[in-house]
Amino acid sequence: MADNTTRTADRIDTGPRFTESDAIRLNNLFRGTDTPEMLRSVLKDKLIGEVAVVSSFGAESAVLLHLIAEVDKTIPVIFLETHKHFPETIAYRDQLVAHLGLTNRLIVEPDMELVAKKDENGLRWSWDPDGCCEIRKVQPLARALLAFDASISGRKGFQSATRSGLPRFEIDRTDAEGRLKFNPLASWSSEDLEAYMVRHDLPRHPLVAQGYPSIGCAPCTSKVAPGEDPRSGRWKGWDKVECGIHVPGSPDSSATDGELPPGYDPAF
């Protein structure tokens, strides 16, 4: 009689890395634990597997990166090189990496053949910001994260209405892989961040002093007036508040395959 028993070693686990219950368990486990202690436990004990930090090297990035460097300077730090960044951001990225002694910076670029096909003149941001983010951020990050079980994000709950109530641990719903997203600064306030920056004498992004409290790609980032939502300067004039790497993805908005809409004049 044939033996239909499947040996454990022969099984291929095709399930997600993490489930909602894992995120709930971790949130409960670290409830009330301060951020540095939580980071030490999560990273040193590999509680969420192989992990990478995703950093924009923006206005508040120094805080999270300093906290990470205090635990392990070899943690991979992913920077999405969209080729649309302010030159100040690139310079700040290099300065901060050197200052903190980070040794595993990963610069992730878009598929340049895809960019040439769908954003030939480099102006897609001006008429289809979602499509621009899709090819320059969302898809490249998805490829970069294939090697990891979880990512670390610098998001904070106070930054915008869409981030209010942000948990420390959540399932990354931008893909079907079941990765975990770890938000160590979820409950930090702007005052907490400022106090940490001062206490550790961290270098600041030069554009912050010029009125940019949230900094992304140059074409889609504007100055913010005092009292406005810190992220109100991102994609100003569009019904868009996230680039797509932190929210469930949508089909690539590339029906035009990079062609400008009829009658569109980018210089207008």
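Numbering of residues begins at 1 and proceeds along the displayed sequence.
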Report yes if some heavy atom in the side chain of [X] is under 4.5 Å from a heavy atom in the side chain of [Y]; otherwise report no.
X      : Y      : result
Phe18  : Arg179 : no
Phe30  : Ser41  : yes
Pro36  : Leu67  : yes
Leu141 : Ile78  : yes
Met38  : Val42  : yes
Val54  : Ser153 : no
Ile171 : Leu180 : yes
Phe79  : Ser56  : no

Ignoring hydrogens and angles, tell me if any N or O in the side chain of [X] forms a donor-acceptor pair with the backbone of [Y] under 3.5 Å.
X      : Y      : answer
Lys84  : Gly122 : yes
Ser126 : Leu123 : yes
Asn27  : Phe169 : yes
Thr103 : Lys73  : yes
Asn183 : Leu185 : no
Thr221 : Cys217 : yes

My understanding is that only residues two or more places apart in sequence, or in another chain, count here; which of them pass side chain to side chain donor-acceptor pair (under 3.5 Å) with [X]?
X      : answer
Thr35  : Trp188
Arg31  : Asn28
Arg105 : Asp94

Applying ring-ring contact (aromatic ring centres under 6.0 Å, His included), can you list everything that pairs with Phe86, at least two apart in sequence or on another chain?
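ring-ring contact (aromatic ring centres under 6.0 Å, His included) check on Phe86 returns Tyr212.
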Please name all residues satisfying ring-ring contact (aromatic ring centres under 6.0 Å, His included) with His66, sequence neighbours left out, ordered by chain then number.
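Expected list: Tyr196, His200.
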Atom pair [atom1] ([X]) and [atom2] ([Y]), whose distance is rounded to the nearest 0.5 Å:
X      : Y      : atom1 : atom2 : result
Lys181 : Arg155 : NZ    : CZ    : 5.0 Å
Cys220 : Ile215 : SG    : CD1   : 14.5 Å
Arg168 : Thr33  : CZ    : OG1   : 6.5 Å
Leu202 : Leu100 : CG    : CG    : 6.5 Å

Kindly write out the residues that satisfy salt bridge (charged side-chain N to carboxylate O under 4.0 Å, His left out) with Glu20, not counting sequence neighbours, or none if the list is empty.
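For Glu20, the residues satisfying salt bridge (charged side-chain N to carboxylate O under 4.0 Å, His left out) (neighbours in sequence not counted) are Arg173.
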Selection residues 33-48 - residue pairs positive for salt bridge (Lys or Arg N to Asp or Glu O under 4.0 Å), sequence neighbours left out
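Applying salt bridge (Lys or Arg N to Asp or Glu O under 4.0 Å) to every pair that reaches into residues 33-48, excluding sequence neighbours, yields Lys46-Glu50.
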Please list all pairs passing the salt bridge (Lys or Arg N to Asp or Glu O under 4.0 Å) test where one or both residues lie in residues 201-214, with sequence neighbours left out.
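Salt bridge (Lys or Arg N to Asp or Glu O under 4.0 Å) check on residues 201-214 returns Glu194-Arg204.
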Considering all heavy atoms of both residues, which atom of [X] and which atom of [Y] are nearest to each other, and what is their separation?
X      : Y     : value
His85  : Leu80 : NE2-O, 2.8 Å
Ile48  : Val51 : CD1-CG2, 4.1 Å
Pro213 : Ala59 : O-CB, 3.2 Å

Treat each ILVMFWY residue as a node, draw an edge where side-chain heavy atoms are under 4.5 Å apart, and state whether Val97 and Ile90 are in one component.
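Yes, because Val97 and Ile90 connect within a single hydrophobic cluster, where side-chain heavy atoms sit under 4.5 Å apart.
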Single-linkage hydrophobic cluster, 4.5 Å side-chain cutoff, Phe182 and Ile24 together
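No; tracing contacts between hydrophobic side chains, which count when under 4.5 Å, never links both residues.
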Not counting sequence neighbours, list each pair that qualifies as a side chain to side chain donor-acceptor pair (under 3.5 Å) and has a residue in residues 142-151.
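For residues 142-151: Arg17-Asp149.
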Does a salt bridge link Lys156 with Asp192, judged by any charged N lying under 4.0 Å from a carboxylate O?
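Salt bridge: no.
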Go through the steps for Arg93 and Glu81 under the test side chain to side chain contact (heavy atoms under 4.5 Å, CB included), then give the verdict.
CA-CA 11 Å; Arg93 177 198 69 190; Glu81 174 51 275; 4.2 Å; yes
The test is side chain to side chain contact (heavy atoms under 4.5 Å, CB included); show your working for Leu43 and Ile68 and say whether it passes.
CA-CA 9 Å; Leu43 298 180; Ile68 295 290; 4.0 Å; yes
With Pro203, which residues qualify under side chain to side chain contact (heavy atoms under 4.5 Å, CB included), at least two apart?
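Once residues adjacent in sequence are excluded, the partners of Pro203 under the side chain to side chain contact (heavy atoms under 4.5 Å, CB included) criterion are Tyr92, Gln95, Leu96, His99.
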Output all residues satisfying side chain to side chain contact (heavy atoms under 4.5 Å, CB included) with Ser21, sequence neighbours left out; order by chain, then residue number.
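Per chain and number, Ser21 pairs via side chain to side chain contact (heavy atoms under 4.5 Å, CB included) with Thr19.
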Audit row: His205, Glu60, side chain to side chain contact (heavy atoms under 4.5 Å, CB included) steps and yes/no
CA-CA 8 Å; His205 195 300; Glu60 300 157 345; over 6 Å; no
Quick one: side chains of residues 108-115, donor-acceptor pairs under 3.5 Å with protein atoms, not counting sequence neighbours, listed by atom name and distance.
from: Glu109; atom 1: OE2; to: His83; atom 2: NE2; distance (Å): 2.9
from: Asp111; atom 1: OD1; to: Glu113; atom 2: N; distance (Å): 2.9
from: Asp111; atom 1: OD1; to: Leu114; atom 2: N; distance (Å): 3.2

